[in-house]
Amino acid sequence: MKMLINVAETVVADALRGLAASHPELTVDVENRVIVRRDAPVPDKVALLSGGGSGHEPLHGGFVGVGMLDAACPGEVFTSPVPDQMVRAAAAVDSGKGVLFVVKNYTGDVLNFEMAAELAEDEGIQVAKVLVDDDVAVTDSTHTAGRRGTGATLFVEKIAGAAAEEGAPLERVEAIARRVNASSRSFGVALSPCTTPAKGGPTFDLPAGELELGVGIHGEPGRERRAMMTSREIADYAVDAVLDDLRPDSPVLVLVNGMGATPQLELYGFAAEVHRVLGERRVTVARTLVGNYVTSLDMAGASVTLCQVDEDLLRLWDAPVRTAGLRWGC
Amino acid sequence: MKMLINVAETVVADALRGLAASHPELTVDVENRVIVRRDAPVPDKVALLSGGGSGHEPLHGGFVGVGMLDAACPGEVFTSPVPDQMVRAAAAVDSGKGVLFVVKNYTGDVLNFEMAAELAEDEGIQVAKVLVDDDVAVTDSTHTAGRRGTGATLFVEKIAGAAAEEGAPLERVEAIARRVNASSRSFGVALSPCTTPAKGGPTFDLPAGELELGVGIHGEPGRERRAMMTSREIADYAVDAVLDDLRPDSPVLVLVNGMGATPQLELYGFAAEVHRVLGERRVTVARTLVGNYVTSLDMAGASVTLCQVDEDLLRLWDAPVRTAGLRWGC
Amino acid sequence: MSSSESAVEHALDTSFFQRWLTAAAESVHHEAARLTELDSAIGDADHGINMQRGFAAVTDALEKEPPGSPGAALILAGRQLISKVGGASGPLYGTLLRRAGKALGDAAEVTPRQLADALRAGVDAVAQLGGAAPGDKTMLDALLPAVEALGGDTASFTAAGEAADKGALATVPMLARKGRASYLGERSVGHQDPGATSSALIVAALAEALR
Amino acid sequence: MSSSESAVEHALDTSFFQRWLTAAAESVHHEAARLTELDSAIGDADHGINMQRGFAAVTDALEKEPPGSPGAALILAGRQLISKVGGASGPLYGTLLRRAGKALGDAAEVTPRQLADALRAGVDAVAQLGGAAPGDKTMLDALLPAVEALGGDTASFTAAGEAADKGALATVPMLARKGRASYLGERSVGHQDPGATSSALIVAALAEALR
Ligand SMILES: Nc1ncnc2c1ncn2[C@@H]1O[C@H](COP(=O)(O)OP(=O)(O)O)[C@@H](O)[C@H]1O
Ligand SMILES: Nc1ncnc2c1ncn2[C@@H]1O[C@H](COP(=O)(O)OP(=O)(O)O)[C@@H](O)[C@H]1O
Ligand SMILES: [Mg+2]
Ligand SMILES: [Mg+2]
Ligand SMILES: [Mg+2]
Ligand SMILES: [Mg+2]
């Protein structure tokens, strides 16, 4: 499998160099793998910090900036970052008002962020944590690692980031982040596996004419394999899977997310079907975002995330944001 | 080849339905294939109209909005739109100050827009045209169809769109558009072919371990096929090809454009190499844009576009823009 | 059809033109995959689907608003192609038929010679619009030999079809200098031009329409 | 090595620990592709590369800042794994070694029994941190049998290696309930757990370090 890279070993560092060169509004520490808002620490502001394996861009580095994250820590491809990164980043962004760690629910992320939180607290930084676990394809039970964190991460980071930008204290920013996560559910499908630079080939075999239902974003196969379905059928399946778990009684934010290699033409066609199902299920849509936001390298496929919002959350969603990957209002 | 679609025949209409559902700030005429700013015609403003084959999204429909295009006319996949679309769109956006057609230099686009211009003028609409032809992979001579229009289209639409938004008259908007085009050059490479819905398979064969240099955005093979190169080598080759033709003596805008299926992680790594070469060649970078903007369905690969700017053009580039595909400042 | 018969059939009425366009549409429909395949090699893999969409609209329109004269039939068809095809081939074929239709005026019947002259005018308009010359590996390389071969009787229709076919075949070794294939430079050599191929189908339909 | 020899070698010094960690690093390096392959089936295809990166940092650190005691060696190694691996395995293996190192204190030499107890404490810490139970198809399924097999003499190192191997193999029919493989539900059955496999390599290196 061909890739636009130098060697597998340097893909993350190379991408960070490119991010630094392309976005002067970011401070990128390539060696230590920390991406920080150039104006950090923002005085009297609660800071948001996230991170996770690379390969999901623009998540998280593309979400660093005004109104969203203060710092992001990219790990190796599909590998959670190490505590040293988070501790360094926390020190760089803490204004004294504390730092919220936004953590996707994967064992690796959870453990590394937990260690980082302890170390950061040892250094006198107040830390709160929110765990994102929105993927309904995974049964949430004490007998599993719990639901994965996927598309809802964007909603959590944007909305909690807006609250922090408004000057909310750490407890409120944390509470909002938890509320957004609790109000969000996702479901994803893959039409093709992805290719990790280290492996150089597809992470799983998917025969022609079949698709994976309930995939995550790390190249892992899904819960179920089926004969290829139409955009319409996939939308029915995915939205119903989400609505089985989340029964919105107020409007929703909709993220129609591309996994990386699905053309925008297809993604918007899929968005049409998602809106159709939502209409049939009498769910009101407040805002829609369509694009490649929480990706899985070159995987073809898409995911749907719904986030039920009230007026307060919607106002925070609409608030200005200025990052490489998401921008409006400023 | 699997696609997230219903049937090949409806991909464009389906995508337009999705665009309409997701972007209430647009008026989308699905049947007649016209995408228009909801507030069109904007009083006393010169209107910008573009269009071309589908499959290059967000180009052009994703660039309709404040500070960029007033209307876009999507054709079938990789097929230029028909004059009826442009005539209808021109009538919808003309405020009386005239309409600038932004046309990529492909025989089909040129002929269809020419016919549309004649018909629109018959209806009393003042029309000016700018031809975008930035692709240095194609020899520009009277014995060819001339250079193709690719990445520079984004620069032309953004900068001329900003001028129109400021209230510039048609001649000035047209002159600026021409200047941007004359100051822009592009070069693209493909690591994989793309798959058109109608064909259902790759548009050309590219053996493992080889890449196409000098590709366009319609699934056509490039000028030359070579053994696979590193990101560093590709950046050297592409930037030098551009600089052979454009010798900037002032800062440049840089577009590091993904063809559709290249992960952002790779694209930013490539951006790092592009910046490296530009530094070595003593070219100053004013702004950089990295992402999938002028795509070719699910093709893997990237293109580099440079646009030499003076202070006036840079100010127009930085001016607010609010579209589905490009947004800042508002 | 023997040449003695053809003498009395020299007058081509509106229904002949309808049969011609319908035969062309059928032929394009059957060969659509091949046309797309040819366009995939040196273009963007849409010529078959473009032509199919366009000619489907032509037969639709002929049914819905039956034209009153040969000229009206060609103008109607040309307008449909312009409105439905897009791409390079839409305006070019549309112009070909519209221009030829205009040349025929509103006569209820025309002679093969008049048709030949009208098509010649149409092909000239294509050359002017597209700026291509013979040998540039375009539809012109089939259309020009075809109009050369058209004469004063319907027997020449078969000859025109053969000439167009030969012309299309002759595009294989050519280096494309117009249209999308020109981007490939030397790599365009060795492939038959899709537009020349569809032109040959349309010209061949002339003789079929005599039956 | 005969059991009569092992009696006099019961004292394990810092260099033994360095040899152990170096042998583990080599083994991980050689088996990296296999570990990644296993992780590709039920995980995210990075376990080999993760472990390789981590243990390369361990051997580097052992060279650059040679530890003064067995405990210091394990703590140094654990810290490196935490700082360099990431993923689930980094904190877990890091905790295993740090915890075991802390249990050994700053003694210049330790007995096999002390090592066994320290590793038992380390494995308990892994269980607590990760929340996994035996049979959940994780590294614990190799580590627990290994510490069970460790006894008062170095001969038990070989037995521990074999027990870890058996434990790793026994993960094949298990349904994953922790870590990334748990997302697959039933589809995780039939694959060997990558972490259990790397654990077996690390435990097997104990006996190698005796040579
Ligand atoms: N300038 C031109 N003059 C005459 N014919 C042309 C010209 N450019 C293209 N063509 C013809 O059009 C054909 C391609 O048509 P089509 O595939 O439908 O359009 P597009 O190239 O826009 O995809 C070519 O094979 C060629 O015969
Ligand atoms: N909760 C847990 N407790 C014990 N071991 C675990 C746990 N979660 C995962 N593991 C182990 O970690 C291994 C995966 O490590 P690795 O691939 O490096 O990390 P990641 O899963 O983050 O990519 C699994 O094979 C399993 O043995
Ligand atoms: Mg991992
Ligand atoms: Mg085309
Ligand atoms: Mg074509
Ligand atoms: Mg893994």
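Within every chain, numbering begins at 1; the chains are lettered A, B, ... in the order of the sequence lines, protein sequences first and strands thereafter. Treat the numbers as computed from the prediction; the structure is a model and nothing was measured.
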Asks: Of the backbone (N, CA, C, O) and the side chain (C-beta and beyond), which part of B/Gln85 lies under 4.5 Å from a heavy atom of chain C, both, or neither?
Replies: neither

Asks: Do the side chains of C/Asp46 and B/His218 get nearer than 4.5 Å, heavy atoms only?
Replies: no

Asks: Using a cut-off of under 4.5 Å for heavy-atom pairs, which of B/Ala198, B/Pro83, B/Pro193 has the most such pairs with chain C?
Replies: B/Pro83

Asks: Write out, in numerical order, the residues from residues 186-200 of chain C with a heavy atom short of 4.5 Å from a heavy atom in chain B.
Replies: C/Arg187

Asks: Show me the pairs that pass ring-ring contact (aromatic ring centres under 6.0 Å, His included) and involve residues 56-110 of chain C, at least two apart or across chains.
Replies: none

Asks: Where on B/Glu9 is there a heavy atom nearer than 4.5 Å to chain C: the side chain, the backbone, both, or neither?
Replies: neither

Asks: At a 4.5 Å cut-off on heavy atoms, which part of B/Val77 comes close to chain C: side chain, backbone, both, or neither?
Replies: backbone

Asks: Check the surroundings of atom CD in C/Gln128: do more than 12 heavy atoms from other residues, nucleotides or ligands lie under 6.0 Å from it?
Replies: no

Asks: Highest number of heavy-atom pairs under 4.5 Å with chain B: which of C/Ile42, C/Asn50, C/Thr36, C/Ile49?
Replies: C/Asn50

Asks: Does atom CZ of C/Arg120 have more than 12 heavy-atom neighbours, drawn from other residues, nucleotides or ligands, at distances under 6.0 Å?
Replies: yes

Asks: Less than 4.5 Å apart, any side-chain heavy atom of C/Ile82 and any of B/Met115?
Replies: yes

Asks: Quick one: closest heavy-atom pair of B/Asp84 and C/Ser83, and the distance?
Replies: OD2-OG, 2.9 Å

Asks: So which heavy atom on B/Gly146 is nearest to which on C/Tyr183, and how close?
Replies: O-CE2, 3.6 Å

Asks: In this structure, are over 12 heavy atoms from other groups packed under 6.0 Å from C/Arg180 atom CZ?
Replies: yes

